[in-house]
**Student:** 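Quick one: the structure is below, questions incoming.
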Amino acid sequence: PLSQLGDFGIGLGLYFSSLRAVAFITLIAGCINLPNILYFASEEYSKSQPGVNFLLKGSAICTEQVWVPCPTCTLDEFDQARSRIAGATTVTPDGELQTLVFALKNACDGATFQVGIVNMASLGFIMLAIAALSLYQRKKQITFDEQEQTAQDYSIEIWNPPEDATEPEEWKEFFESRFGGHLTCCTVTIDNDLLVKALAERREVLSDIEEKLKEGATINTLSLSELGAKIEHGRQFFGRFKSRISPGIPELVGRLSVLNARIQGLAQQDYRATRVFCTFETEGSQRQVLTKMTVGSMAATRNNTHKINPNLLFRGELVLLVREAEEPSTVRWLDLDEKWSTKAKQIFVTTLISFGCIVGVTYIVFLCRRKSAAYAAVAISISNALFPTIAKILTSFEAHASETGTQSSLYVKIAIFRWVVTAIVITIITPFTSTITNGQEHLLQSIYIIFFADLVTTNVAQLADPGGNFKRHFLAPRAGTQERMNLLMGGTEYTIAERYTNMTKTLFLTFYYCAVYPSAFFLCSLTLFINFYVDKFSLMRTWKQAPMLGPYIAKFSRAYFMTTAIAALAVVSSYLFSGFPFDNLCAENVSHSAYYGTWKVTDGEGQDSTAVIEPIVRSYHFCNQFLGPGSNFAFPALPDAQPPGSSWMTDEQEQLTGIYGWVSVGVLGLVGLSFLYRVFRSIQDVFSASYEADGDVQGQSFSEVE
């Protein structure tokens, strides 16, 4: 049950509670949008949308299109949508040939005041629901924390110990003499990462040697050296060539000798203390220490002794930077002594490479889109599935003190990639006039295919788990040692960052296009519900146990990515409503008699059709209806942004966009203020920090925790 998922870590429990809650939120938002869905599917909007896919009915797809006179239109103006401009040849009274130019107009009114108000109502509900979700998550965090007592509930971490304070007894005496509690465990980390890495590599080399030896063979330096020499002496050409690709026993023995010598040298060095982890016997003792010794990081850096009780100065002179420790399984012990400047350089380089991947995939999607919208959707789905692996490789080159930092960095990379590639890129590469057109080559069909791929393909691949099954059923039975077999049977690795980005990607795609595809709320809800149960199944059956992360990723997701998605809903919806009817045509106050009648017209792609022009039909001219980034950019998207002499909005549309434009400014302002508040709190923690406990003391001693 959901109430027990916190046993796998508070962060994972909050992920599942968020996933289920957001699924319900989008389901209710879909119900709020039912009037819009029914309107778009009605006779009034587009004659019940004949020929439209069932799951796209109720979207803003317009099937009612008519040819209208456009005497000044040119092929260059419709270069990306040549099917929307056509010509017919006729003879003038003077006997000269004349080409009459026609343009395709969308005869659908999707920007009515009622449609906009319903969309704004869903926006308001979602804002309130996300705020309520924050309170709900706070309660769940406390519940999960109180249900499962772990080492984190009893431990503190000292970030700035003196370099020579490497003796646990000194720390034990310091805390017990000042707070009276019993210090059960004390771990002093030192900057011996080179030694630890050498020991880890030596263990891997020994494991590889054991796999290659016969069972029961003796492993010691002399016997291994003798065996290695014997094998190397008997090698032929093929054996020597193979050893360069896959090291054999002689190469492994040589590497083992080098590592033994290196370890002996590194073990003789003196190392400085970098962090200290202290675990108390009672939860109350930990909270007492944190309450009295928590100070701002600036006070600890400058050693402002007046900021703390003189009795709590370490060695009578040092202000300690004390924080609640993370779970032991999340600490990255080899990265604790890495310099801040080095970390910043690493993150800068890996982030730059991530943006390079976005540019590369964007170009690939663009090429696929020129062939077919289905190809582009498949390319997007494949890139969304593959990029997390690339992001994990990039993040592995970064130094982070804990898995929380690693997961946060991974989250940002994957989320930005998926948001841009899934929602934004498809908009950029699709012609503006294809926004509400029916057909596989147009925008809403592409969005539907992406939803379908997320709903079916991703979940089927996760349930099938081909990589994990291959390891468990093929490689594991053939492993050379029990240890290797256990590793292969361990399950498929997963990251909570990737799971969160999978949820926010679907949410962002829904919010981005909900103005023209309100049914997306129901598709999003269905996708998230399926993800909830598929992820629960994977957690229990196929996933490898991961570090027990805390609540930071859940807070990070709500505070920055969900709020950004809400801002995108408001801003993009205002631009979409301003863009109706998405045909780049503006009416003139004249009607050209030369166009009256029935004409056989040939469009820019060579297709023939019929145009019927009644005497009351006005002529049109090309006008750029896209108020987004570009030559016609305006923010907010208000009716006043229409160029003089080129008005395309109806009276209701002008009323709607006049309201929605300022609503988008207000929502953007609220999101910006929430960001500034969090920046302010972060700065405040630098100068003056305080400790606030989550939940009540459970009364269980550390020695009793299982």
**Student:** Check the angle between the aromatic planes of Y448 and F452 and answer parallel, tilted or perpendicular using the 30° and 60° thresholds.
**Tutor:** tilted

**Student:** Going by distance alone, is a donor N or O of one side chain under 3.5 Å from an acceptor N or O of the other, for T143 and K139?
**Tutor:** no

**Student:** What is the ring orientation for F532 with F16, classed by angle as parallel under 30°, tilted 30 to 60°, or perpendicular over 60°?
**Tutor:** perpendicular

**Student:** Assess the residue pair I10 and L549 against the criterion (side-chain contact (heavy atoms from CB on, under 4.5 Å)); give the C-alpha distance rounded to whole Å, side-chain angles, the decisive distance to 0.1 Å, and a yes or no.
**Tutor:** CA-CA 6 Å; I10 295 175; L549 292 172; over 6 Å; no

**Student:** For residues I364 and S383, determine if any side-chain heavy atom of one lies less than 4.5 Å from a side-chain heavy atom of the other.
**Tutor:** no

**Student:** State, yes or no, whether a side-chain contact exists between W419 and L509 at a heavy-atom distance under 4.5 Å.
**Tutor:** no

**Student:** Say whether, by atom type as modelled, one donor and one acceptor occur between the side chain of D685 and the main chain of S682 under 3.5 angstrom.
**Tutor:** no

**Student:** Should the pair E498-K392 be classified as a salt bridge under the 4.0 Å nitrogen-to-oxygen rule?
**Tutor:** yes

**Student:** Indicate yes or no: at least one non-hydrogen side-chain atom of S354 is less than 4.5 angstrom from one of L394.
**Tutor:** yes

**Student:** Does the pair F508 and F561 meet the rule for a ring pair (Phe, Tyr, Trp, His ring centres under 6.0 Å), with working shown?
**Tutor:** CA-CA 9 Å; F508 183 75; F561 284 88; 9.5 Å; no

**Student:** Of all the heavy-atom pairs spanning S59 and P518, show the shortest one and how long it is.
**Tutor:** CA-CD, 4.3 Å

**Student:** Which pair of heavy atoms, one from W648 and one from P581, lies closest together, and at what distance?
**Tutor:** CD1-CD, 4.3 Å

**Student:** Looking at OH of Y660 and CD of Q653, how far apart are the two atoms once the value is rounded to the nearest 0.5 Å?
**Tutor:** 14.0 Å

**Student:** Start with the C-alpha gap between F580 and V516, add the side-chain angles, then the distance that decides, and say whether side-chain contact (heavy atoms from CB on, under 4.5 Å) holds.
**Tutor:** CA-CA 10 Å; F580 272 95; V516 292; 4.1 Å; yes

**Student:** Side chains of Y136 and S17 only: does a donor on one sit below 3.5 Å from an acceptor on the other?
**Tutor:** no

**Student:** State whether the number of non-hydrogen atoms from other residues, nucleotides or ligands found under 6.0 Å of F675 atom CZ is greater than 12.
**Tutor:** yes

**Student:** Roughly how far apart are K57 NZ and F40 CZ, rounded to 0.5 Å?
**Tutor:** 14.0 Å

**Student:** In the structure I gave you, are the side-chain heavy atoms of S573 and L123 within less than 4.5 Å of one another anywhere?
**Tutor:** no

**Student:** Calculate, to the nearest 0.5 Å, the distance between atoms CG and CZ belonging to L627 and F577 respectively.
**Tutor:** 14.5 Å

**Student:** Please indicate whether R323 has more than 12 foreign heavy atoms, meaning atoms of other residues, nucleotides or ligands, lying under 6.0 Å from its CZ.
**Tutor:** yes

**Student:** Is a side-chain donor or acceptor of T504 paired with a backbone partner of Y500 at a separation under 3.5 angstrom?
**Tutor:** yes

**Student:** Any chance you could measure L673, atom CG, to L668, atom CG, to the nearest 0.5 Å?
**Tutor:** 10.0 Å

**Student:** Surrounding CD of E493 (heavy atoms of other residues, nucleotides or ligands, distance under 6.0 Å), is the total greater than 12?
**Tutor:** no

**Student:** Donor-acceptor pair, S122 side chain versus I32 backbone, under 3.5 Å?
**Tutor:** no

**Student:** Does S446 use its side chain to pair, donor to acceptor, with the backbone of H442 at less than 3.5 Å?
**Tutor:** yes

**Student:** Taking the inter-plane angle between the rings of F582 and F432 on a 0 to 90° scale, is it parallel (under 30°), tilted (30 to 60°) or perpendicular (over 60°)?
**Tutor:** tilted

**Student:** With side-chain hydrogen bond (donor to acceptor under 3.5 Å, both in side chains) as the criterion, how do D535 and Y494 come out once you've worked through the C-alpha distance, each side chain's angles and the decisive distance to 0.1 Å?
**Tutor:** CA-CA 10 Å; D535 284 357; Y494 76 96; over 6 Å; no

**Student:** The test is side-chain contact (heavy atoms from CB on, under 4.5 Å); show your working for Q65 and K105 and say whether it passes.
**Tutor:** CA-CA 5 Å; Q65 298 172 324; K105 177 168 180 57; over 6 Å; no

**Student:** Under a 3.5 Å threshold, yes or no: a donor from one side chain and an acceptor from the other, between S402 and E326?
**Tutor:** yes

**Student:** Does the side chain of T63 come under 3.5 Å of the side chain of N438 through a donor N or O and an acceptor N or O?
**Tutor:** no

**Student:** Judged by atom type as modelled, is there a donor-acceptor pair below 3.5 Å linking the side chain of E652 to the main-chain atoms of F113?
**Tutor:** yes

**Student:** Using the side-chain contact (heavy atoms from CB on, under 4.5 Å) definition, which of the options L656, V115, V667 pairs with M120?
**Tutor:** L656

**Student:** Counting only N and O atoms by type, is there a donor-acceptor contact under 3.5 Å from the side chain of S434 to the main-chain atoms of T437?
**Tutor:** no

**Student:** Look up atom CG in N33 and atom OH in Y39, then write down how far apart they are to the nearest 0.5 Å.
**Tutor:** 14.5 Å

**Student:** Taking the side chain as every heavy atom from C-beta outward, state whether T510 and L523 have any atom pair closer than 4.5 Å.
**Tutor:** no

**Student:** Is it true that a side-chain atom of Q407 and a backbone atom of A497 form a donor plus acceptor pair closer than 3.5 Å?
**Tutor:** yes

**Student:** Return yes if some donor-acceptor pair links the side-chain N/O of N632 with the main-chain N/O of N624 below 3.5 Å, else return no.
**Tutor:** yes

**Student:** I'd like to know if the side chain of Q49 and the backbone of I61 have a donor-acceptor N/O pair within less than 3.5 Å.
**Tutor:** yes

**Student:** For H400 and T406, test the side chains for any donor-to-acceptor distance below 3.5 angstrom and give the result as yes or no.
**Tutor:** no

**Student:** Does the side chain of L104 come within less than 4.5 Å of V66's, by heavy atoms?
**Tutor:** no

**Student:** Can you tell me how far CG of L576 sits from OH of Y512, rounded to the nearest 0.5 angstrom?
**Tutor:** 8.0 Å

**Student:** Return yes when atom CZ of F633 has more than 12 non-hydrogen atoms of other residues, nucleotides or ligands closer than 6.0 Å, and no otherwise.
**Tutor:** yes

**Student:** Does a side-chain heavy-atom distance below 4.5 Å link W662 with P636?
**Tutor:** yes

**Student:** Salt bridge (charged side-chain N to carboxylate O under 4.0 Å, His left out) between R84 and D583: does it pass, once the steps are laid out?
**Tutor:** CA-CA 8 Å; R84 301 193 70 89; D583 52 22; 5.1 Å; no

**Student:** Compute whether any side-chain donor of one residue and acceptor of the other, for Q642 and S647, lie under 3.5 angstrom apart.
**Tutor:** yes

**Student:** Report yes if the side chains of I553 and R499 come closer than 4.5 Å at any heavy-atom pair, otherwise no.
**Tutor:** no

**Student:** Counting the benzene-type ring for Trp, do Y575 and F626 have ring centres under 6.0 Å apart?
**Tutor:** no

**Student:** Ring-plane angle category for F556 and Y552, please: parallel below 30°, perpendicular beyond 60°, tilted otherwise.
**Tutor:** parallel

**Student:** Tell me the closest heavy-atom pair linking A376 and I426, and the distance in Å.
**Tutor:** CB-CD1, 4.4 Å

**Student:** Report, as yes or no, whether the 6.0 Å neighbourhood of atom CD on E44 holds more than 12 heavy atoms from other residues, nucleotides or ligands.
**Tutor:** no

**Student:** Apply side-chain hydrogen bond (donor to acceptor under 3.5 Å, both in side chains) to residues T492 and D465 and explain how you reach the verdict.
**Tutor:** CA-CA 8 Å; T492 303; D465 189 27; 2.8 Å; yes

**Student:** Is it the case that the side chain of T427 and the backbone of A423 share a donor-acceptor pair, with hydrogens and angles ignored and the cut-off at 3.5 Å?
**Tutor:** yes

